[in-house]
Structures are given as structure tokens and as C-alpha cells.
Amino acid sequence: MEIITGYTGKPHVTSEQDRDVNIGVVGKGSYVLQTGMQLAAEVSSNNEIKIRDGVLMHQGCTASIKKNTYDSLIIINGSQGMKRIDLIVARYEKNQDNGIESLDLKVIQGTPAESTPTVPEYTEGDIQAGDYVADMPMYQVIIDGLNITEVKKVCEVAPDIGALKKEIAELNSNKKVECFSKTVATDTNILADFSPELNQIIKNGGKIVSAIPGTTTNSNNALVYGKVAIQALPDWSEVYVRCNSNYYSGLGGTTTLNLLVIYV
């Protein structure tokens, strides 16, 4: 093991180590951080866009524009009667010869079209895997004729810890719990469909957090033994409670399966 944040008597911290620490805290995605003007875009003219101060983290790699300053980006003139979409990206680059790394704003020019222009392609890349180029899309610049008509933000702003704590507290306070029951004929293996009940919650705007199988009972007061579990699709559109390998120490009757649903 090698210490990262500690004095060893010689330079030893690498950019790869620093990125790994950032990825462990913030995640491996690409985000604008909540500091300064959060790299806001400002149209100065039809040929210039200013990106205001802030900090970004691109696959663990951080870069900033100093406070109260901006980076100026040149937009090539549009064409009369044509439309175009340019893409502003934060581009990580590593020189293949000397290993020098950089992270700068670039404009990828789109292809003009009469009606439906497309967003230009960019290099996604994987910095930690050793790729020499990795782009983080920031803004789409919509050009109609000679004019910039819109600058559409496509990057994500990472919430700070305070915002995350507030969101978690709100989610916990808004949690609702409902218990649904299905009564079916007693059998050795039982499968009860609770999909209609959960789909109704989703239809009413609820977001399913979890579902837990509850107590299994028999109409003749017989003891019910078996392995109870749920099976569901990731979007909760299909949900079943299964009770397998049952043994009943009494009359058959009916069996009631319960499902506890937690949602917000």
C-alpha cells in the first residue's frame, strides 16, 4: 500500500491516484460542481460564447475557470437558410509522447442542414483506462441561419452533501407503506400476482422503493411452512409473491399471501 495524502520526502501523488479518490467520493461520471457560477454559458455575440467561472469533475479529473473570469469560445458563422448544432465539450487530452495531460473547453462544429441538424459526434473515452481523449458534453449551441437561438445545457450539476442530506430526509419523510393481500387455493407451490396493485401506485405518481413479502396464513388455521419470496421486473410493472415447497399440517382451505410495499 502507498500513502496518497501524506508527506514522504519526495513527490509521489499521481493524477491517476487523485482521480481515483474523486471517483470514490463523487462517482465516475462527469459533473459540474456547485461552486462559483457553475460554468454558466453566456452568449456574447453570434460568434462568441463565454463560459463563466466554476469547477467541473470529468471522470475524476478536476478543472476550473478562475473566479470572476471566463473562457471565450469562438462559434463559426452560420449559413443563411440553414440550421446547425455545435457541441461545447470539456476535452481531456493526454500527449502520447510525453504524458502531459490537459482539460480544456472545445467547440465541435456540427453539419448544416435545412431542417433537422444533428448533434456532432464526440469522443466519450475512459480516462482511467488510459484513453488519450475523453470529451464531456457541456452545451449544445443551436444555430438558425446566422443567429444563435439557444444554448442548451447538457451537463449535470452534482448536488453537494447538504443537498443530498436534505433530499434523503425528504424521501424518508414522504415514504408511504401499504399492505396488499391475495387469497388463493392452498397448494404446494403458490404464485400470486400483485402487479395490478403496484401498477396503480405507479399510475398515481408513486415511486416504488421496496416490496417485502409478509406473513402467510391458512383459512383453516393450519400452520403454513414454505419459502416465501418476491419476483419482480426492475420497473415494478410485474410483481409476484411466490411460496414454494409448502407443507400444511391441517386442512387445505385457502392461503393468504401478503405484500408490504414502500413507496414515495
Side-chain angles (χ1 to χ4, degrees), residues 1-6 8 10-42 48-67 69-76 84-113 116-143 150-161 164 234:
M1 179 173 288
E2 181 181 356
I3 190 170
I4 298 175
T5 52
T8 65
K10 61 180 179 180
H12 67 98
V13 180
T14 68
S15 58
E16 181 180 13
Q17 289 173 325
D18 191 53
R19 288 192 294 263
D20 272 338
V21 171
N22 291 334
I23 289 171
V25 175
V26 179
K28 63 181 180 179
S30 298
Y31 311 96
V32 172
L33 304 185
Q34 293 196 36
T35 181
M37 295 189 69
Q38 299 180 20
L39 303 176
E42 176 186 304
E48 182 188 30
I49 291 178
K50 296 177 179 178
I51 305 298
R52 293 293 179 177
D53 61 85
V55 178
L56 63 77
M57 186 173 293
H58 178 28
Q59 298 181 25
C61 184
T62 53
S64 70
I65 296 175
K66 291 181 180 179
K67 287 188 180 298
T69 67
Y70 61 86
D71 279 6
S72 177
L73 299 174
I74 301 302
I75 304 298
I76 302 299
R84 195 179 83 218
I85 300 176
D86 289 356
L87 185 65
I88 297 174
V89 301
R91 173 168 292 172
Y92 165 89
E93 289 186 281
K94 183 174 182 179
N95 187 293
Q96 297 186 40
D97 296 324
N98 57 27
I100 292 177
E101 298 169 294
S102 62
L103 185 53
D104 300 299
L105 294 174
K106 304 286 184 182
V107 178
I108 302 176
Q109 186 176 340
T111 302
T116 54
T118 58
V119 179
E121 295 182 355
Y122 62 94
T123 304
E124 186 170 341
D126 186 336
I127 298 173
Q128 294 301 78
D131 289 347
Y132 292 107
V133 178
D135 290 337
M136 170 185 172
M138 299 285 292
Y139 294 97
Q140 292 177 9
V141 182
I142 313 301
I143 302 168
E150 183 184 2
V151 178
K152 185 186 299 183
K153 186 175 184 176
V154 293
C155 55
E156 183 179 351
V157 177
D160 58 26
I161 293 176
L164 287 174

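Computed over heavy atoms, backbone and side chain alike; hydrogens, waters and symmetry mates excluded. Keep in mind that this is a model prediction, so the values were computed, not measured.
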Any sub-3.5 Å donor-acceptor pair from [X]'s side-chain atoms to [Y]'s backbone N or O?
X: His58; Y: Ala63; answer: no
X: Thr123; Y: Gly125; answer: no
X: Asp131; Y: Val133; answer: no
X: Asn22; Y: Gly60; answer: yes
X: Asp135; Y: Val89; answer: no
X: Asp86; Y: Gln109; answer: no

Within the supplied structure, the quantity of interest is the number of heavy atoms (other residues, nucleotides, ligands) at a distance under 6.0 Å from [X] [atom1]; does it exceed 12?
X: Ile161; atom1: CD1; answer: no
X: Lys153; atom1: NZ; answer: yes
X: Glu124; atom1: CD; answer: no

Could you report the tightest heavy-atom contact between [X] and [Y], atom names first, then the distance?
X: Tyr139; Y: Ala40; value: OH-CA, 3.5 Å
X: Leu87; Y: Tyr122; value: CD2-CD2, 3.7 Å
X: Val32; Y: Gln38; value: CG1-O, 3.5 Å
X: Gln34; Y: Asp160; value: NE2-N, 3.6 Å
X: Ala90; Y: Leu56; value: CB-CD2, 3.7 Å
X: Pro120; Y: Ile108; value: CG-O, 3.5 Å

Does a side-chain heavy-atom distance below 4.5 Å link [X] with [Y]?
X: Ile85; Y: Ile143; answer: no
X: Arg52; Y: Leu39; answer: no
X: Asp53; Y: Tyr70; answer: no
X: Gln59; Y: Asp126; answer: yes
X: Ile74; Y: Val107; answer: no
X: Cys155; Y: Met136; answer: yes
X: Glu16; Y: Ile127; answer: no

Can you sort out the partners of Thr5 under side chain to side chain donor-acceptor pair (under 3.5 Å), two or more places apart, ordered by chain and number? none
Looking at residues at least two apart in the chain, or sitting in another chain, which of them share a side chain to side chain contact (heavy atoms under 4.5 Å, CB included) with Glu121? none
Determine, for Lys106 against Asp104, whether the closest basic-nitrogen to carboxylate-oxygen distance falls under 4.0 angstrom. no
If we count only N and O atoms by modelled type, under 3.5 Å, do the side chains of [X] and [Y] hold a donor and an acceptor together?
X: Asp20; Y: Gln128; answer: yes
X: Ser15; Y: Glu101; answer: yes
X: Glu48; Y: Ser72; answer: yes

